[in-house]
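Only one structure is covered here, and it is reproduced in the block below.
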Amino acid sequence: MLTPFYALLSHPWGGVAIGVVVAAIGVLLLLVSRRPITGQRTGRARLARALGVLVAAFSVFVLAAAAVSMIEIRRLASQHPAPGTLVDVGGYRMHILAEGDAGDGPTVIWIPGGHAQGLALHHLHSAIRGETRSILFDRPGTGWSDPGPYPRRTATEAVEFATLLEQAGEEGPFVLAGHSYGGLLAANYARRHPERTAAVVLLDASPPDAFIYAPAYGAAALDGLVRDAERQGLDKIFGGWTNPEIAMADNETEVGEILRKQRRLLADVGEAMAANARRPAASFASASIFQEFSPGIVSSAAPDLVVYDGELGDMPVLVVIPDDPADAIIDPLGMEEAAASRAKNFFVRMRVRYLEISSDARLVHTPPGTGHNYPYETPEFVLDVVRQLLAELSGDHAEVAGDEDSR
C-alpha cells in the first residue's frame, strides 16, 4: 500500500509534506461548506464543514509531530557526522569508510546482513584495518547514504556498489565478506566484476532459494518484515518510534544474548548507529529490498538476482556456515513432524547452495555451538578465516584453516 510513497517517506520532511496535504484537504472542505447556498444550509454542507474542521485539526497534530521528528533527526545527524566520504553515484550519494593500506594485497570489504548500515560490522573492520585496507559502506537509505531511487533491488545495489568503489578511487582487487543477506550482494558484485574480485567469503549467506522455496516460511516471512518496516518508518516520521532492539536485548533469549554481544562489540559506534537508525529511509529501504522476493516481483527479478552454478569460474569462495542442525530455526514454528523434518532437510542443504557457484568453493564450519549470527558470537574466528585467506592470496599460506571441504 505504501510502496508508491517510499521515495517521499524516506526523507525527514516527508511527514511535513503529508501534513500539508492533510491541511489542504481540510481547507478545501471548509471552502466547499461555505459556498453560497439558497435557502437553508443543506446537510451535505454541514457535513463538509464538520469534516473540514476535523481534518484541519488533525493536520495541526500531524504537522507538529512531523516537525518535531524532523528536527530531532537533523539534530542527531549534526551530532554524528559521517566518518568517511559521501560519493556521488548518479545524483545521490553513498557513504564509504575506507581505512588502512592493502600494500600489494587485496582490500577487504565487509557487508552486513539484512539491509543494515555498514557500521554493523565495524568490530571486524576496526580489527583488521591496521593489517590491510578495509572498507565499510552504507547501502542507499542506510547509515549516512542518501535514500536513492526506488524500488530497492539487490541487482541495482550491486551496480551502485560498483559505481561507489570506482568513484571513490578504490581499485581493488577485493575480498568481499558478506554476512547473511549481505552475502547475496557480495556474490552479485563478484558475478558482475570478477576481474576486480580476488575472493568471496560468504558468512552464512542467504541464497535466494531460502526465500523462494522454503517449506517453512520464506517469502511469507518477508511479507511480515515488509509490514514491520513500513510501520516503523511511519513511526519515525511522526516521532513515535522506539528501537525494538532495546527491549529485545533485555530478554533472556538467544536473540537477546546476540544483541547484547553486538552492543558490546559496537560500543564505540553505538550512538552513531542509533542516530542513523532513527532515519525513516532505513526502514523504507529495508521494506523495498525485501519485496524483491514477493510473488509478483521475484519471477522477473530472479535472473539478475541469482548467481547460477559455475558463474564465478575458479574464483576462491569460502562458504562459512554453522555446523548445527536447523532445529533452532524450525522447532519454534510448531510444525507437524513430517513437515518439520522436510523443512530441516531443506535448510541444512540450502546453507551449502553457494558451493556450486565456483570450482574453487570451499566449505568452512564455524566453531561448535555457534549459529547464524556467529560474526558477533565468534568475531576472532571470522577474522582468522579472512586473514588466512589474505595470506593464501599473497602466496604466504597454503590454504585456509578450518573444517574445510573443497568442491
Side-chain angles (χ1 to χ4, degrees), residues 65 68-69 72-73 75-77 79-80 110 112-127 136 138 141-144 179-182 203-204 206 216-217 221-287 289-290 322 324-334 366-382:
V68 170
S69 179
E72 174 66 6
I73 292 171
R75 182 186 69 81
L76 291 171
Q79 289 181 349
H80 301 280
W110 305 97
H115 203 258
Q117 57 187 295
L119 289 183
L121 292 181
H122 185 267
H123 60 300
L124 301 176
H125 165 79
S126 62
L136 297 176
D138 296 320
T142 71
W144 286 274
H179 175 228
S180 193
Y181 205 75
L203 306 172
D204 205 14
S206 302
Y217 46 92
L222 288 180
D223 289 341
L225 292 177
V226 170
R227 290 192 296 271
D228 287 345
E230 289 181 342
R231 176 182 54 77
Q232 291 188 38
L234 290 175
D235 288 344
K236 291 174 183 179
I237 289 174
F238 298 112
W241 183 74
T242 299
N243 193 333
E245 291 185 358
I246 296 175
M248 293 168 63
D250 292 334
N251 293 333
E252 294 302 320
T253 61
E254 183 178 346
V255 173
E257 183 179 355
I258 293 295
L259 288 173
R260 289 191 293 274
K261 289 180 178 178
Q262 186 181 48
R263 183 181 296 174
R264 289 192 295 270
L265 289 167
L266 300 172
D268 55 337
V269 294
E271 290 187 2
M273 291 184 67
N276 289 335
R278 182 66 179 76
R279 297 172 58 209
S283 295
F284 292 110
S286 293
I289 195 71
F290 288 134
D324 64 346
D327 296 23
I329 299 174
I330 305 302
D331 288 345
L333 301 177
T366 64
T370 55
H372 176 67
N373 289 298
Y374 65 84
Y376 303 102
E377 296 175 297
T378 58
E380 283 302 324
F381 165 78
V382 176

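Along the sequence shown, the residues carry numbers beginning at 1.
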Any side-chain heavy atom of Glu257 sitting closer than 4.5 Å to one from Lys261? yes

When every non-hydrogen atom of Pro375 is compared with those of Val382, the smallest separation belongs to CA-CG2, 3.9 Å

Side chain to side chain donor-acceptor pair (under 3.5 Å) partners for His125, two or more places apart: Glu99, Ser134

Please list all pairs meeting ring pair (Phe, Tyr, Trp, His ring centres under 6.0 Å) that have one or both residues in residues 224-243, counting only residues at least two apart or in different chains. none

Once side chain to side chain contact (heavy atoms under 4.5 Å, CB included) is applied, do any residues pair with Gln79, and if so which ones, sequence neighbours excluded? Arg75, Leu76

Suppose the criterion is ring pair (Phe, Tyr, Trp, His ring centres under 6.0 Å): which pairs have a residue in residues 247-280, not counting sequence neighbours? none

Between the CG atom in Asp228 and the OG atom in Ser286, the distance rounded to the nearest 0.5 Å is 11.0 Å

Minimum heavy-atom distance between His123 and Pro379, given as atom pair plus value: CD2-CB, 3.8 Å

Glu271: side chain to side chain contact (heavy atoms under 4.5 Å, CB included) partners, not counting sequence neighbours: His80

By side chain to side chain contact (heavy atoms under 4.5 Å, CB included) - contacts of Ser126 (at least two apart): His122, Arg129

List the residues meeting side chain to side chain donor-acceptor pair (under 3.5 Å) with Ser69, not counting sequence neighbours, and say none if there are none. Arg278

Taking ring pair (Phe, Tyr, Trp, His ring centres under 6.0 Å) as the cut-off, I'd like each qualifying pair that reaches into residues 245-265, sequence neighbours left out, listed once. none

Spacing of Asp138 atom CG and His115 atom NE2 [to the nearest 0.5 Å]: 10.0 Å

Which heavy-atom pair separates Pro112 from Ala120 by the least distance, and what is that distance? CB-CB, 3.7 Å

Say you draw a straight line from OG1 of Thr253 to CG of Leu259; how long is it, rounded to the nearest 0.5 Å? 7.5 Å

Check against salt bridge (charged side-chain N to carboxylate O under 4.0 Å, His left out), Asp223 and Arg227: CA-CA 6 Å; Asp223 289 341; Arg227 290 192 296 271; 5.3 Å; no

Can you give me the closest heavy-atom contact between Pro280 and Gly233, atom names plus distance? CB-O, 4.0 Å

Phe284 versus Leu234, closest heavy-atom pair with distance: CZ-N, 3.9 Å

Is there a donor-acceptor contact under 3.5 Å from the side chain of Lys236 to the main chain of Ala277? yes

Taking every non-hydrogen atom, the tightest pair across Ile289 and Tyr181: O-OH, 3.6 Å

Which residues satisfy the side chain to side chain contact (heavy atoms under 4.5 Å, CB included) test with Ala287, sequence neighbours excluded? Tyr6, Val226, Ala229, Glu230

Could I get the full list of salt bridge (Lys or Arg N to Asp or Glu O under 4.0 Å) partners for Arg263, not counting sequence neighbours? none

Thr142 OG1 to Asn276 CG distance, which is reported to the nearest 0.5 Å: 8.0 Å

Exercise answer: donor-acceptor pairs, residues 242-251 side-chain atoms, under 3.5 Å, sequence neighbours excluded:
unit_1 : atom_1 : unit_2 : atom_2 : d
Asn243 : OD1    : Glu245 : N      : 3.0

Applying side-chain hydrogen bond (donor to acceptor under 3.5 Å, both in side chains) as the test, list every pair that has at least one member in residues 367-381; sequence neighbours left out. Ser180-His372, Asp204-His372, Gln262-Tyr376, Thr366-Thr370

